[in-house]
Protein chains: 2
Amino acid sequence: MASMRDVAEAAGVSVATVSHVLRGTKRVTPAVGARVRAAAEALGYVPNGQASALRTGRTGVLGVALPDLANPLFPALLQAVEAAARAAGFLVMLHDTGNDLALEREALGRLVALRVDGIVWVPAHDQGGTRLVRTAGCPGTGARREPPLPDVPLVALDRPVADRDAVFSDHVSGGTLVATHLKALGVRRVALLHGASSVTSSRARRRGFLAEWDPLTPVWEAQSGFGPELPGAVVRRLRGGGFDAVACANDAVAVAVIRTLERDGVRVPRDVSVVGFDDVPLARLVSPPLTTVRQPLGAIGAAAVRLLVERMADRARAARQVVLPVELVVRGSTEAKHVAKESVGQSVTARAEERSRSA
Amino acid sequence: MASMRDVAEAAGVSVATVSHVLRGTKRVTPAVGARVRAAAEALGYVPNGQASALRTGRTGVLGVALPDLANPLFPALLQAVEAAARAAGFLVMLHDTGNDLALEREALGRLVALRVDGIVWVPAHDQGGTRLVRTAGCPGTGARREPPLPDVPLVALDRPVADRDAVFSDHVSGGTLVATHLKALGVRRVALLHGASSVTSSRARRRGFLAEWDPLTPVWEAQSGFGPELPGAVVRRLRGGGFDAVACANDAVAVAVIRTLERDGVRVPRDVSVVGFDDVPLARLVSPPLTTVRQPLGAIGAAAVRLLVERMADRARAARQVVLPVELVVRGSTEAKHVAKESVGQSVTARAEERSRSA
DNA sequence: GGCTTACGGTTAAACGTTTTACCGACGTCG
DNA sequence: CGACGTCGGTAAAACGTTTAACCGTAAGCC
């Protein structure tokens with residue numbers, strides 16, 4: 001592949017001049033500029049990013065490490081991050097960590113080795129984040145002491161990492177929004193299906209929900225994970241019935257719940273309302289369309305890149321955390337109980353959908 | 001960040017020795033080996049990928065350029081490619097081209113500039129692929145003559161690119177499978193919703209379908225695109241009715257069709273059967289679960305990486321094309337017409353699902 | 001005309017690796 | 001005892017850029 005030296009020879013100038021022309025770092029005679037450009041074009045010259053990165057210390061690449069692309073939230077999030085990164089002039093390097101701590105460590109290691117300018121990281125487990133960044137391993141146990149992550153600009157998404165920048169959705173008020181909505185619908189008995197309890201956001205949503213919910217009303221809680229397969233215990237309990245609404249860990253779980261209920265002849269939302277979380281594209285496509293809490297993916301991506309850029313400018317700056325507002329999107333999977341149904345349910349749906357579109 | 005030179009000084013050896021120890025390229029005294037490794041660990045040394053890439057000419061990175069992450073097929077495909085790449089020791093660099101030809105060109109350019117070892121590319125439009133790779137532009141029109149893509153190992157997915165390796169699903173037999181299935185169900189009048197006609201795979205499916213379909217039976221055809229929003233003309237025509245089945249460009253379109261039909265009181269599959277394409281995760285979650293044609297994503301990813309590796313070994317090798325078999329997955333959105341419904345429809349569903357799981 | 005300045009361009013030193021060639025010491029063998 | 005191969009380690013060149021320092025020439029100024 002043609003190098004700068006080849007271009008220089010073809011144009012009859014020095015490599016320095018070629019560099020200056022191509023990057024516009026110095027004024028040159030129009031004639032020389034034209035000669036150089038012509039030569040570069042003729043040879044199909046493509047600057048070697050490796051070499052210039054080595055020299056300048058900047059690669060123009062952001063690394064992204066995600067737990068699982070199969071969860072539809074993450075492609076959407078990735079797209080948002082990629083768009084923000086591109087707007088800021090960065091390419092994106094992707095690593096799917098498959099929810100595996102070892103893979104996650106390796107992923108971060110490779111990103112650092114490639115000297116990416118910054119890392120956007122959704123840790124698989126939230127304890128894991130901090131452990132991976134700090135010096136880890138149990139001294140004295142003989143376990144190999146894992147080295148800490150070098151001081152690379154890094155922003156954690158949705159999970160806290162000690163002493164690092166982070167961006168969160170406001171899961172607490174997400175939980176509160178769900179509780180408020182269900183209360184307004186006249187729901188009395190509710191089932192909460194949480195994701196993994198090790199995930200901060202799950203706990204935050206629960207906190208937000210319970211803060212708003214009448215403390216005297218019984219609430220049934222269980223772990224459902226984040227995948228479309230419900231644990232057997234949850235399925236059995238859903239069959240048991242006895243609740244007016246189910247609030248789910250995410251949209252995939254909500255869809256699974258709806259299918260399970262319908263298979264048993266329970267009608268959604270007439271008999272039981274179901275609320276999801278995330279508002280993935282799927283949510284508006286299923287039947288009934290999901291009432292859910294929308295995460296501000298675009299804002300998350302933009303904030304993440306912004307934090308990284310700020311940190312590149314000032315490595316010593318104190319860690320900053322950004323919390324972004326979420327939004328309840330009312331669709332067809334929830335409906336008023338014990339009160340005039342059509343009017344309330346429908347009008348709320350229409351209004352909310354309208355607003356979210358114009359936003 | 002600590003460099004090799006720092007490690008060498010700390011260990012009291014030369015940089016060459018450090019390199020040899022860390023890469024195991026030469027035998028060293030156990031004592032020296034231990035000293036070097038200890039120093040590296042103590043300093044938190046991470047080799048500089050840029051530098052070694054510059055020296056060796058290999059980056060260990062594969063570039064991936066996709067049209068649109070919002071289409072759920074592509075995250076799934078990306079995951080497959082990433083898994084295959086990782087298995088072969090490569091990292092993946094992602095670029096979402098947003099179905100935009102200019103962005104696509106820029107994406108490929110940046111990947112080349114970063115000297116990725118290979119590129120996996122799903123061209124947005126299939127004429128675009130070839131045009132981008134060859135020298136383009138219209139000489140004489142004054143349009144800036146776009147330079148051809150340098151000779152980087154590159155594999156095109158699902159769209160042909162002149163003189164390059166490529167991997168396809170067997171869309172022709174995909175179309176045939178759909179036709180055969182619908183015929184067996186007793187469907188007489190069918191609507192075909194195609195994606196963009198500029199996409200090779202769409203044309204191939206149509207060809208496969210019509211080859212199997214009774215040429216005397218009228219077929220209604222229209223372009224629906226690939227997104228979840230149906231064009232107005234298609235919606236109006238669907239409302240008109242008059243067919244027993246709709247074969248769709250992909251699963252998202254199929255879901256949109258089902259919703260549209262149901263809104264008009266048409267029951268799926270009882271009144272009309274609907275068939276999707278791709279078998280994205282969404283397909284089994286919607287109601288009714290989609291009968292669709294599964295693309296062998298894992299095999300596609302593996303084949304793509306394999307082709308790239310082969311070409312790295314032999315740059316002059318002739319371009320090779322790999323066509324991979326697809327599979328009909330029968331679920332609940334299709335049902336037999338004019339014959340005993342429950343028995344045929346259900347048993348076929350059960351059998352097919354069983355087989356696809358054990359596979 | 002001699003002085004300074006600005007301009008257009010070049011030289012050469014980095015950046016952090018990998019790798020070839022080399023070198024001294026040591027053991028072996030004739 | 002001398003020649004020789006082997007072993008462990010090092011010196012130095014190279015990869016393709018960027019950029020600070022430098023240098024001749026021509027223009028500007030008194």
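Side chains are part of it too, since the values below use all heavy atoms of this structure and drop only hydrogens, waters and symmetry mates. Every chain is numbered from 1 and lettered A, B, ... according to where its sequence line falls, protein lines coming before strand lines.
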Between [atom2] on [N] and [atom1] on [X], what's the gap in Å once rounded to a whole number?
X	N	atom1	atom2	answer
B:R35	D:dG8	CZ	P	14 Å
B:R58	C:dT17	CZ	P	19 Å
A:L114	C:dG16	CG	C1'	14 Å
B:K26	C:dT20	NZ	P	10 Å
B:Q50	C:dT17	CD	C1'	11 Å
A:M4	C:dT10	CE	P	12 Å

Open item on the list: Go nucleotide by nucleotide along DNA chain D from the 5' end; which of A:T25 and B:T17 gets its closest nucleotide reached first?
Closed with: B:T17
- [ ] Hey, which sits more toward the 5' end of DNA chain D by its nearest nucleotide, B:G33 or A:S3?
- [x] B:G33
Task: Partners passing side-chain hydrogen bond (donor to acceptor under 3.5 Å, both in side chains) against B:T200 (at least two apart in sequence or in another chain) - done: B:D126
Looking at the side chain of [X], which of [options] is the nearest nucleotide?
X	options	value
B:A16	D:dA11, C:dT17, D:dT17	D:dA11
A:V13	D:dT10, C:dT10, D:dG9	C:dT10
A:H20	C:dT10, D:dT10, D:dG9	C:dT10

Side chains of residues 28-40 of chain A: which donor-acceptor pairs under 3.5 Å do they make with residues two or more places apart or in other chains?
{"from": "A:R35", "atom 1": "NE", "to": "A:A11", "atom 2": "O", "distance (Å)": "2.8"}
{"from": "A:R35", "atom 1": "NH2", "to": "A:A11", "atom 2": "O", "distance (Å)": "3.2"}

Residues which pass salt bridge (Lys or Arg N to Asp or Glu O under 4.0 Å) with [X], listed by chain and number, not counting sequence neighbours:
X	value
B:R86	B:E82
B:R23	none
B:R317	B:D165, B:E310

Open item on the list: Is there a side-chain contact between A:R27 and the phosphate of C:dC7, meaning an N or O under 4.0 Å from OP1 or OP2?
Closed with: no
Open item on the list: Taking only side-chain N and O atoms of B:R23, does any of them lie within less than 4.0 angstrom of OP1 or OP2 on C:dT19?
Closed with: yes
- [ ] Look at all strands and tell whether B:S52 reaches a base, only sugar-phosphate, or nothing, counting heavy atoms closer than 4.0 Å.
- [x] sugar-phosphate
Task: Sugar-phosphate only, base, or nothing, as touched by A:T29 at under 4.0 Å among non-hydrogen atoms - done: sugar-phosphate
Output a table of nitrogen or oxygen pairs between the protein and nucleotides 13-15 of chain D separated by less than 3.5 Å.
{"from": "D:dA14", "atom 1": "N3", "to": "B:R55", "atom 2": "NH1", "distance (Å)": "3.3"}

Task: Any donor-acceptor N/O pair, A:Q50 side chain to B:A51 backbone, under 3.5 Å - done: no
TODO: Could you tell me whether a side-chain N or O of B:T56 sits under 3.5 Å from a main-chain N or O of B:S52, the two making a donor and an acceptor?
DONE: yes
